[in-house]
Student: 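Starting off with a structure, shown below.
Chain naming here is simple, since letters A, B, ... match the order of the sequence lines and numbering starts at 1 in each. This one's a predicted model, so the numbers in the text were calculated from it and none came from an experiment.
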Amino acid sequence: MKMLQEALREIQRGSAEIIDIERVEKLLKAYFDEGKTYTVKAGFDPTAPDLHFGHTVLLQKLATFQKYGATIQFLIGDFTAQIGDPTGKSVTRKTLSALQIQENAKSYKEQVFKILDPNMTEIVFNSEWINALGASGMLSLTTTYNVARMLERDDFDKRYKSGTSISISEFIYPLLQGYDSVHLKSDIEIGGTDQKFNLLMGRHLQRAYEIGKEQSVLMMPILEGLDGVQKMSKSLNNYIGVADAPNDMFGKVLSISDALMWRYYELLSAKSLNEIEALKSGVANGSLHPKSVKEELSMEIVERFHSKEAAQNAKDEFERVHSNSQIPTDIEEFSCNEEIWIAKALVDCNMAPSTSQARRDIKQGAVKINQEKISDEQLQLSSGEYILQVGKRKFAKLKVN
RNA sequence: GGUGAGAUAGUCAAGUGGCCAACGACGGCGGACUGUAAAUCCGCUCCCUACGGGUUCAGAGGUUCGACUCCUCUUCUCACCA
């Protein structure tokens, strides 16, 4: 009984909304009492296999479910990708070749199994059953819903009212996503809050097709990016990529604000709620320094995506560079063949976008050569080796021949 | 299809003939303080070996000694009407 309560708490952790929690509770109870497993579905887009931490929020939740007896239906929407989820922006998507999809799927696996247990995960492609549906199957799918209800979806509603075009195929998208749940007989589906309409469609269609169950739906919030305000996204450049190098990953996590750290703990850490509570009260009563708590999170994360050694190295490296202001161990090396003007050198080493900026940096005292701050904008570097530094984070080694 | 409004640096947004490389805000970068946190303070933020020069205000022409500012055309965006 206590186990059940704890499991429920972990499952609800960080979620934005859960529909039909009673059913989730029943599934968990059946698992604890009789060892009965159940299925949790989550859909992913085959076009974007390079994940950032925003995506891993869902994966983390799936991992929690696995802990409590779920088999994950990791669905790659290779068919639905041809339509594109109706956002209003994307017009027509180019279709991916079977080969590309296979490659993307492979790279998904590499990244995803750092979080999920492969033994409790099925990777499925929805083209398999949707192609088999045929024209008549598709037709009968469309009879389960009507236009008025379809227009309830927020973005359809807005676009319809503002007179922006909505293609019929876009109406099909939620239906197909819902049909996936029919075919897979999913017990639970999880997705982002923006997916609510589509997720509920799964419930509707499971009822319409009388498969004898209606999936519960769990929605996760959108993860804030490093700035703590806007959603994590590549285009805003406030993201941590799953494939980021250990040192970058470590530094990025450590650079988030203290408030955001708890959010990241909640959504990204594999630590239990009880452990996190302990950390929180430790910080509150002063027995733990917030920085060390943040370091712990950074370590955990780097370890998950790389290795324990990498995490330790990242930490050591970080301390060396920032606490003791020494030079990082591996820095990019450049070389040139003749005496070079310092501003030009900074541009050539990708440390400044223009000589104008390089001059400004020098004027502001941001540039160091071999740990020494310089102020002469006209400085010429004659032959030798130099460690160049701009600000706190940018380093390069330059060899002048 | 008709009418009206608009397009300015990464974003928002001033500027309606010279004082404009262009107010301000946000973002970004650097410095101080720190825990590469937050908050705060200060500086910088088109390019160029630079007390000077070059190229910018949707695009192309024109008027003028001089245009981001005026005129013409083009492209695009928005609002209202149909």
Student: Pick the C1' atom in B:G6 and in B:G27, then give their distance to the nearest Å.
Tutor: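 Straight-line distance between the two C1' atoms is 25 Å.
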
Student: Select one nucleotide: of B:C47, B:U34, B:A38, the one nearest the side-chain heavy atoms of A:Lys392.
Tutor: B:U34

Student: Answer with base, sugar-phosphate or nothing: what part of the nucleic acid does A:Gly251 contact at a heavy-atom distance below 4.0 Å?
Tutor: base

Student: If you find the nucleotide of RNA chain B closest to A:Asp361 and the one closest to A:Pro353, which residue's nucleotide is nearer the 5' end?
Tutor: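 The residue closer to the strand's 5' end, by nearest nucleotide, is A:Asp361.
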
Student: Verify the distance criterion only: is there a donor paired with an acceptor across the side chains of A:Gln177 and A:Thr80 at less than 3.5 Å?
Tutor: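 Their side chains do not contain a donor-acceptor pair, so the 3.5 Å distance test is not met.
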
Student: So, under a plain 3.5 Å distance rule, would you say the side chain of A:Gln364 forms a donor-acceptor pair with the base of B:G31?
Tutor: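 There is none.
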
Student: Which whole number of Å gives the distance between the P atom of B:A50 and that of B:G24?
Tutor: 28 Å

Student: In terms of base orientation, is B:A50 syn or anti, with the syn window spanning 90° either side of 0?
Tutor: syn

Student: For B:G1, which nucleotide is its Watson-Crick or G-U wobble mate, given both distances must be under 3.5 Å?
Tutor: B:C81

Student: Any N or O donor-acceptor pair linking the side chain of A:Gln380 to the base of B:U49 at under 3.5 Å?
Tutor: yes

Student: With C1' as the reference atom in both, quote the distance from B:C76 to B:A60 in angstrom, rounded to an integer.
Tutor: 15 Å

Student: Please state how far atom OH in A:Tyr264 lies from atom C1' in B:A37, giving the value in whole angstrom units.
Tutor: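 After rounding, the gap between these two atoms is 13 Å.
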
Student: Students often mix this up, so state it plainly: with edges at 30° and 60°, are the rings of A:His204 and A:Tyr145 parallel, tilted or perpendicular?
Tutor: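 A:His204 and A:Tyr145: perpendicular rings.
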
Student: Pick the closest RNA chain B nucleotide for A:Asp227 and for A:Lys344 by heavy atoms, then say which residue is nearer the 5' end.
Tutor: A:Asp227

Student: Can you tell me, in whole Å, how much space there is between the P of B:C48 and that of B:U63?
Tutor: 35 Å

Student: Return the orientation label for the A:Tyr239 and A:His52 ring planes: parallel under 30°, perpendicular over 60°, tilted otherwise.
Tutor: tilted

Student: Looking only at atom P, what distance separates B:C80 and B:U74, rounded to whole Å?
Tutor: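 It works out to 25 Å between them.
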
Student: Return yes if the base of B:G35 and the side-chain atoms of A:Asp258 contain a donor-acceptor N/O pair under 3.5 Å, otherwise no.
Tutor: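 Looking at the base of B:G35, it does pair with a donor or acceptor on the side chain of A:Asp258 (distance under 3.5 Å).
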
Student: Compute the ring centroids of A:Phe305 and A:Phe53, then answer whether they are less than 6.0 Å apart.
Tutor: yes

Student: Can you tell me how far C1' in B:G17 sits from the matching atom in B:C57, rounded to whole Å?
Tutor: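 15 Å, rounded to whole Å.
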
Student: Does B:U49 have OP1 or OP2 sitting under 4.0 Å from an N or O in the side chain of A:Thr355?
Tutor: yes

Student: B:U69 pairs with which nucleotide, Watson-Crick or G-U wobble, both distances below 3.5 Å?
Tutor: none

Student: Considering only atom P, compute the distance from B:U11 to B:C47 and round it to an integer number of Å.
Tutor: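 Here B:U11 and B:C47 have their P atoms 15 Å from each other.
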
Student: Using whole Å, report how far CD of A:Glu377 lies from P of B:C44.
Tutor: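 Whole-Å distance recorded here is 14 Å.
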
Student: Quick one: closest heavy-atom pair of A:Met249 and A:Ile301, and the distance?
Tutor: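 In terms of heavy atoms, the two residues are closest at SD-CG2, 4.0 Å.
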
Student: For B:C19, give its Watson-Crick or G-U wobble partner with both distances under 3.5 Å, or none.
Tutor: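 None - no nucleotide pairs with B:C19, as no candidate has both distances under 3.5 Å.
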
Student: A:Glu103 vs A:Lys106, test: salt bridge (Lys or Arg N to Asp or Glu O under 4.0 Å). Steps then yes/no.
Tutor: CA-CA 5 Å; A:Glu103 274 174 20; A:Lys106 202 176 133 206; over 6 Å; no

Student: Give none if B:C44 has no partner; otherwise give the nucleotide forming a Watson-Crick or G-U wobble pair with it, both distances under 3.5 Å.
Tutor: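 Partner of B:C44: B:G28.
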
Student: A:Ile256 CD1 to B:A37 P: how many Å, rounded?
Tutor: 12 Å

Student: If we call it a pair only when both distances are under 3.5 Å in a Watson-Crick or G-U wobble match, what pairs with B:U56?
Tutor: none

Student: Measure the distance from CZ on A:Arg359 to C1' on B:G43 and round it to the nearest whole Å.
Tutor: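 Rounded to the whole Å, the gap is 18 Å.
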
Student: Between B:A21 and B:A67, how many Å separate the two P atoms, rounded to a whole number?
Tutor: 12 Å

Student: Return the nearest nucleotide to the side chain of A:Ser354; candidates are B:C47, B:U49, B:G35.
Tutor: B:C47

Student: Tell me the interatomic distance from A:Glu295, atom CD, to B:G35, atom C1', rounded to whole angstroms.
Tutor: 9 Å

Student: What integer distance in Å separates A:Arg360:CZ from B:U49:P?
Tutor: 13 Å

Student: Does the structure show a Watson-Crick or G-U wobble partner for B:A9, both distances under 3.5 Å? Name it, or say none.
Tutor: none

Student: Expressed in angstrom and rounded to an integer, what is the separation of A:Lys363 atom NZ from B:C42 atom P?
Tutor: 20 Å

Student: Taking all heavy atoms of A:Glu377 and all of A:Trp341, pick out the closest pair and write down the distance.
Tutor: O-NE1, 2.7 Å

Student: Mind checking who B:A38 pairs with, Watson-Crick or G-U wobble, both distances under 3.5 Å?
Tutor: none

Student: So which nucleotide from B:G35, B:U34, B:A50 ends up closest to the side chain of A:Ser356?
Tutor: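 Nearest nucleotide to the side chain: B:A50.
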
Student: Rounded to whole angstrom units, what separation is found between the NZ atom of A:Lys394 and the C1' atom of B:G30?
Tutor: 9 Å

Student: For a quick test of reading the model, state the closest non-hydrogen atom pair linking A:Gln60 to A:Ser269 and the distance between them.
Tutor: NE2-O, 3.9 Å

Student: Who does B:A14 pair with, Watson-Crick or G-U, both distances under 3.5 Å?
Tutor: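 Here B:A14 is not engaged in any pair, so there is no nucleotide opposite it.
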
